[in-house]
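The structure under discussion appears below in the form of structure tokens.
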Amino acid sequence: MTTPPSRSLSFILLLCACCAASRAAEPQWRHLSSKNGDLPVPGASTQQTAAVVADLDKDGINDFVLGFREKGPALVWYRHTATDWDRYVIEKEFLTIEAGGAVCDIDGDGYPDLVFGGDWQSKCVWWWRHPGKEWKPDVPWERHTIKKDGATQHHDQYFADFKGAGKPQLAYWNQGAKALFVADIPANPRQADQWPAEQVFSGSAGENAGKYAEGMSAFDIDGDGRPELLAGNYMFKYISPGKWSATKVGDIGGLIFAGRFIKGSKYPQIVIAPGDGSGPVKWYECKGDPFETKSWIGHDLVGRQMIHPHSLQVADIDGDWNLDIFVAEMAKWSERQTQPDNPNAQAFIFYGDGKGNFRKTVFRTGMGWHEVRVADLNGDVRLDILSKPYNWETPRVDVFLNTSGPVR
């Protein structure tokens, strides 16, 4: 039976109206870039490795810190002002900072301190003590060591109370050792130069051939009030001193985050991107016991192989109370050539509906991304996007301010 023309037309008009409303609900963005003079230039280094977001000056608005290798300064702080950002040096010396970084009040003085690890040239993981009320713009922060010997490279760190001890521990990868560690904060961290650490895992965590395990976050997956450690393509749960369970979640490992993409689900879902490798980006839902690998069912998110998707974030970007996923590719990673490795690099936002469905949108094409952070960067309660490339058109930093999303 053929649908009458009038009913068909009404249906089309209704569909168009729904699509228009959907598009209107998407955030609009104001792009600021150091390339255009909107932000201070990060520094002299063309290899920009780390990025973290935190309210360092405790004014209620997030700031951000960028880390570098190749040339000093090693760390710079972008402090939010009434109208833009001022840049200050936290570490003026040359250090080979690796991707990653974490924030925690390590010494218990009420101010957030910083942790970053050294790359393949370094055996160290360091922390920088926030000077608090003694902060002066021209004085670098006090640096201490967490790890000073053993194998090199420390890509990714994370603080959480994995052990239920009432205070956080530091998890970090040590790629040179092909191992994952968790360290307790010493009683007097300013006097200690090596934190006691236990090995949680050793071996491959889903990385591509010739690559290394990476990626780290934490989330209470089983609902017992204590977060599990997510790293590579695994979930780790603390059992007792020296004992952790390891559950493989996905086939390919890399950047890894969790959240409830399906509201009302018994367990949260997990999304994994290959990071420094290439492959599909998948989100996984649990169909049984979360500590059994067979329970985790993967769903392809992008529909193609992504090339070095070294940016992955989970957040409610459009303010509709449903979690969304941001994922983006690197445009350049080779140091020995000037042309981009991946000139058509893409960034996507997948808008979730809270039922496990995602609407794919292309955020940008032809731009380099690395260690993107999604956070409110100007205090208007809308979520913004911080981006800095690794070595594409560097030195450079970009901020995308959400100008029209719902304020909550």
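- Applying the salt bridge (charged side-chain N to carboxylate O under 4.0 Å, His left out) rule to pairs touching residues 81-94 yields E91-R143, sequence neighbours excluded.
- Judged by distance alone, the side chains of T46 and E70 do bring a donor and an acceptor atom under 3.5 Å apart.
- Using modelled atom types and a 3.5 Å distance limit, the side chains of S334 and D341 yield a donor-acceptor pair.
- The shortest non-hydrogen separation linking L255 to G275 is CG-CA, 4.2 Å.
- Ion pair R382/D380 flagged as a salt bridge, since at least one NZ, NE, NH1 or NH2 atom sits closer than 4.0 Å to an Asp/Glu carboxylate oxygen.
- A donor-acceptor contact closer than 3.5 angstrom links the side chains of D398 and H31.
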Are E98 and K123 close enough, and set up right, to give a salt bridge (Lys or Arg N to Asp or Glu O under 4.0 Å), and what steps lead you there? CA-CA 11 Å; E98 179 58 283; K123 299 178 179 180; over 6 Å; no
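- Ring to ring, F64 and Y78 are close: their centroids are under 6.0 angstrom apart.
- Between the side chains of D193 and T145, not a single donor N or O lies within less than 3.5 Å of an accepting N or O.
- When all heavy atoms of G254 and I272 are compared, the closest pair comes out as N-CG2, 3.8 Å.
- When each of F201, F291, W244 is tested with F236 by the rule ring pair (Phe, Tyr, Trp, His ring centres under 6.0 Å), just one qualifies, namely F201.
- K167 and D161 are not joined by a salt bridge, as no carboxylate oxygen comes within less than 4.0 angstrom of a charged side-chain nitrogen.
- Under a cutoff of 6.0 Å and an axis angle of 45°, K71 and F94 do not form a cation-pi pair.
- Applying ring pair (Phe, Tyr, Trp, His ring centres under 6.0 Å) to H144 and the options W128, W126, W127 leaves one that passes, W127.
- The pair D220-R226 does not meet the salt-bridge criterion, since no charged nitrogen lies less than 4.0 angstrom from a carboxylate oxygen.
- Taking the six-membered ring where the residue is Trp, the centroids of F181 and W173 are separated by 6.0 Å or more.
- H154 and K147 share a side-chain donor-acceptor pair at under 3.5 Å.
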Go through the steps to decide whether Q169 and I185 satisfy the test side chain to side chain contact (heavy atoms under 4.5 Å, CB included), and finish with yes or no. CA-CA 6 Å; Q169 302 88 48; I185 300 175; over 6 Å; no
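- In the displayed structure, E134 atom CD is contacted under 6.0 Å by at most 12 heavy atoms of other residues, nucleotides or ligands.
- At a threshold of 4.0 Å, the pair E393-K332 does not count as salt-bridged, since none of the basic side-chain nitrogens sits closer than that to a carboxylate oxygen.
- Salt-bridge formation is detected for the pair D222/K237: a Lys NZ or Arg NE/NH1/NH2 atom is positioned less than 4.0 Å from an Asp or Glu carboxylate oxygen.
- In this structure, W120 has its ring center no closer than 6.0 Å to that of Y212.
- Centroid-to-centroid, the aromatic rings of W141 and H130 come within less than 6.0 Å.
- Between the side chains of Q175 and E214, not a single donor N or O lies within less than 3.5 Å of an accepting N or O.
- Heavy atoms only, all atoms of each residue included: V41 and S34 are closest at CA-CB, 4.1 Å.
- Side-chain atoms of E335 and Y390 include a donor-acceptor pair closer than 3.5 Å.
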Determine whether D353 and R359 satisfy the following criterion, salt bridge (Lys or Arg N to Asp or Glu O under 4.0 Å), listing intermediate values before the conclusion. CA-CA 8 Å; D353 67 356; R359 181 167 53 84; over 6 Å; no
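- Here E371 does not pair with K388 in a salt bridge; the nearest charged N to carboxylate O distance is not below 4.0 Å.
- Counting only N and O atoms by type, the side chains of H370 and Q48 include no donor and acceptor under 3.5 Å apart.
- Here F261 and F358 bring their ring centres to under 6.0 angstrom of each other.
- Taking a cutoff of 4.0 Å between a charged side-chain nitrogen and a carboxylate oxygen, K163 and E198 qualify as a salt bridge.
- In this structure, F363 has its ring center under 6.0 Å from that of W29.
- K178 NZ: 12 or fewer foreign heavy atoms inside a 6.0 Å radius.
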Please evaluate residues D119 and R69 with respect to the criterion salt bridge (Lys or Arg N to Asp or Glu O under 4.0 Å), reporting the C-alpha separation (whole Å), side-chain torsions for both, the decisive distance (0.1 Å), and the verdict. CA-CA 9 Å; D119 69 0; R69 61 185 178 194; 3.0 Å; yes
Between H308 and W333, does a ring-ring contact (aromatic ring centres under 6.0 Å, His included) hold up when you go through it step by step? CA-CA 9 Å; H308 286 232; W333 53 87; 3.7 Å; yes
